[in-house]
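In what follows, a single structure is set out as structure tokens and then discussed.
Numbered from 1 within each chain, the chains take letters A, B, ... in sequence-line order. From a predicted model like this one, the values you see are computed outputs, not experimental measurements.
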There are 2 protein chains.
Amino acid sequence: MNKEEQVIMGFRDLLNKMVLLNKFKMEDSLKGYKPSEVHCIEYIGRNVDSNVVKLAESFYMTTGAISKLTKKLIKKGTIESYRKPDNKKEIYFRLTDQGKVIYKIHEELHKEFQERDKSVFEQVTEEQFDSMLSFVEKYSRHLDAEIKKLG
Amino acid sequence: MNKEEQVIMGFRDLLNKMVLLNKFKMEDSLKGYKPSEVHCIEYIGRNVDSNVVKLAESFYMTTGAISKLTKKLIKKGTIESYRKPDNKKEIYFRLTDQGKVIYKIHEELHKEFQERDKSVFEQVTEEQFDSMLSFVEKYSRHLDAEIKKLG
DNA sequence: GCATTTTTGCTTCCTTGTCAACAAAATAAT
DNA sequence: ATTATTTTGTTGACAAGGAAGCAAAAATGC
């Protein structure tokens, strides 16, 4: 296995481990909310005028899946939908007070994760960060172009 | 968003894009086989004496899911199971001739992907590779330890 | 040697997400 | 203006994967 593959597979492995760990921790402090739901709450809390399409694009999921997910969160009372007077098509989401509580808890958890992994990131120099970020950006742009080629 | 998050989210985004692209390409040249099936065939082709547990650990999936997946591939005639005379519990998998054909096609596809992304990797120096790999390894070990703490 | 625990694999039920078809609104084309 | 196209969101059928419970074999403990 060459270094290119090692880097890609290494990061895939890394992300899998994070998903595993986060799931465990979230089940603890955010009982009743699945990772995908929390992820959704996080996005809506951060971005004003979130809608089904934006959420779908950001999560690399279909609009159908997001439609179901948001309906579930509305039923739970975590988010609510609203429209704009001059637009009868688009439907936006915002957090309810209950949703804001979840959002806050998630933020705390996030800080906890950062604290947990601090020892690793302390060893990374500014140059290493910039080097990785530049790689990610270049590769990402390249893949965007390739995706565009397909339609 | 700090650089730590940027790196992690950047790579998550990158892998999502790859999954998307690979799915498209595979649907083209490996009709009748889903990405997870191809992934499974790849692993079995590379590792002698693959079994349900090893596959599950490698893919971060449950043994139940792998059990179903391998059964499907056996039904399709892509892989076959075998046992060892001194072990009545473990069940191993190997590729059939048909499976080897799929494996070969997948390898070609893989080379095609490398060729497609060559321009990006050519710009990465040996030092950058080593730096990223060292980061991945350190972080991975750290997360392993954290996972171990949970049980 | 026997009892207990762990490992391995399977099955059933349930949740989550995709796909395809669709409707309604908005935008573009002519 | 009115027709065609695109965008946005929903639904129902289906497939993939997880969780829990189970059985048989193997490993461990005593």
Side-chain angles (χ1 to χ4, degrees), chain A residues 16 19-24 26-28 31-41 43-44 47 49-76 78-94 150-151, chain B residues 16 19-24 26-27 31-41 43-44 47 49-76 79-94 150-151:
Chain A
N16 276 328
V19 167
L20 197 70
L21 258 172
N22 292 2
K23 212 174 67 181
F24 268 107
M26 281 204 205
E27 277 167 6
D28 238 32
K31 288 187 213 302
Y33 292 90
K34 300 271 170 66
S36 66
E37 296 174 290
V38 176
H39 199 186
C40 194
I41 292 164
Y43 186 94
I44 293 171
N47 304 88
D49 295 348
S50 306
N51 64 3
V52 168
V53 172
K54 285 182 205 159
L55 281 162
E57 280 172 358
S58 160
F59 297 171
Y60 293 88
M61 284 168 58
T62 60
T63 60
I66 301 294
S67 181
K68 289 170 192 169
L69 185 50
T70 50
K71 281 211 172 315
K72 196 161 59 169
L73 287 174
I74 289 172
K75 213 171 193 172
K76 279 190 181 181
T78 330
I79 66 173
E80 59 190 10
S81 64
Y82 63 97
R83 288 157 174 278
K84 294 190 179 180
D86 55 334
N87 189 318
K88 290 167 189 166
K89 190 171 64 161
E90 292 180 17
I91 301 166
Y92 306 98
F93 304 110
R94 67 163 88 93
L150 298 175
Chain B
N16 277 329
V19 167
L20 196 70
L21 258 173
N22 292 1
K23 213 174 65 180
F24 268 106
M26 281 204 207
E27 276 166 5
K31 287 187 213 301
Y33 292 90
K34 299 271 169 66
S36 66
E37 296 174 292
V38 176
H39 199 186
C40 194
I41 291 164
Y43 186 94
I44 292 171
N47 304 88
D49 294 349
S50 305
N51 65 3
V52 168
V53 171
K54 284 182 204 162
L55 281 162
E57 282 172 356
S58 160
F59 296 171
Y60 293 88
M61 284 167 61
T62 60
T63 59
I66 301 294
S67 182
K68 291 171 196 168
L69 186 51
T70 50
K71 282 212 173 312
K72 196 161 59 168
L73 287 174
I74 289 172
K75 213 169 193 174
K76 278 190 181 180
I79 64 173
E80 59 190 8
S81 64
Y82 63 97
R83 289 157 172 276
K84 294 190 178 180
D86 55 336
N87 190 319
K88 288 166 192 167
K89 191 170 63 160
E90 293 179 17
I91 300 166
Y92 307 97
F93 303 110
R94 67 163 89 93
L150 299 175

- Query: Taking the side chain as C-beta and beyond, is there a heavy-atom pair between B:Ile74 and B:Phe93 under 4.5 Å?
  - Reply: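 Result yes, sub-4.5 Å side-chain heavy-atom pair found.
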Using a 4.5 Å cut-off on heavy atoms from C-beta on, say whether the side chain of B:Pro35 contacts that of B:Val19.
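A side-chain contact under 4.5 Å is absent here.
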Rounded to whole Å, how long is the line connecting atom [atom1] of [X] with atom [atom2] of [N]?
| X | N | atom1 | atom2 | answer |
| --- | --- | --- | --- | --- |
| A:Phe59 | C:dT16 | CZ | P | 15 Å |
| B:Glu57 | C:dG9 | CD | P | 10 Å |
| B:Tyr60 | D:dA16 | OH | P | 23 Å |
| B:Tyr33 | D:dA16 | OH | C1' | 18 Å |
| B:Met61 | C:dG17 | CE | C1' | 14 Å |

Under 4.0 Å between a Lys/Arg side-chain N and an Asp/Glu carboxylate O for [X] and [Y]?
| X | Y | value |
| --- | --- | --- |
| A:Asp49 | A:Lys54 | no |
| A:Arg83 | A:Glu90 | no |
| A:Glu37 | A:Lys76 | yes |

Determine to 10° how strongly the helix from C:dG1-D:dC30 to C:dT30-D:dA1 is bent, judged from the axes of its five-pair ends.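 Its terminal axes enclose an angle near 40°.
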* To do: Could you label the plane-to-plane angle of the A:Phe59 and A:Tyr43 rings as parallel, tilted or perpendicular, counting under 30° as parallel and over 60° as perpendicular?
  => perpendicular
Per the under-4.0 Å heavy-atom filter, residues of residues 64-76 of chain A near DNA chain D come out as A:Gly64, A:Ser67, A:Lys68, A:Lys71
### Task
Return the residues of residues 79-92 of chain A meeting this criterion: a heavy atom under 4.0 Å from some atom of DNA chain D. Order them by number, or give none.
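Those residues are A:Lys89, A:Glu90, A:Ile91.
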Side chain of B:Thr63: nearest nucleotide among D:dG9, C:dG9, C:dT15?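 Nucleotide nearest to B:Thr63's side chain: C:dG9.
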*asked:* Using the side-chain heavy atoms of B:Val52, tell me which of these nucleotides is nearest: C:dT8, C:dC19, C:dC10.
replied: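 Out of C:dT8, C:dC19, C:dC10, the nucleotide with an atom closest to B:Val52's side chain is C:dC10.
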Presence of A:Thr62 side-chain N/O under 4.0 Å of C:dC19 phosphate oxygens OP1/OP2
no
Margin query: So, OP1 or OP2 of D:dT8: does either fall under 4.0 Å of a side-chain N or O from A:Asn51?
Written below: no
In this structure, CD1 of A:Ile44 is separated from OG1 of A:Thr78 (nearest 0.5 Å) by 9.0 Å
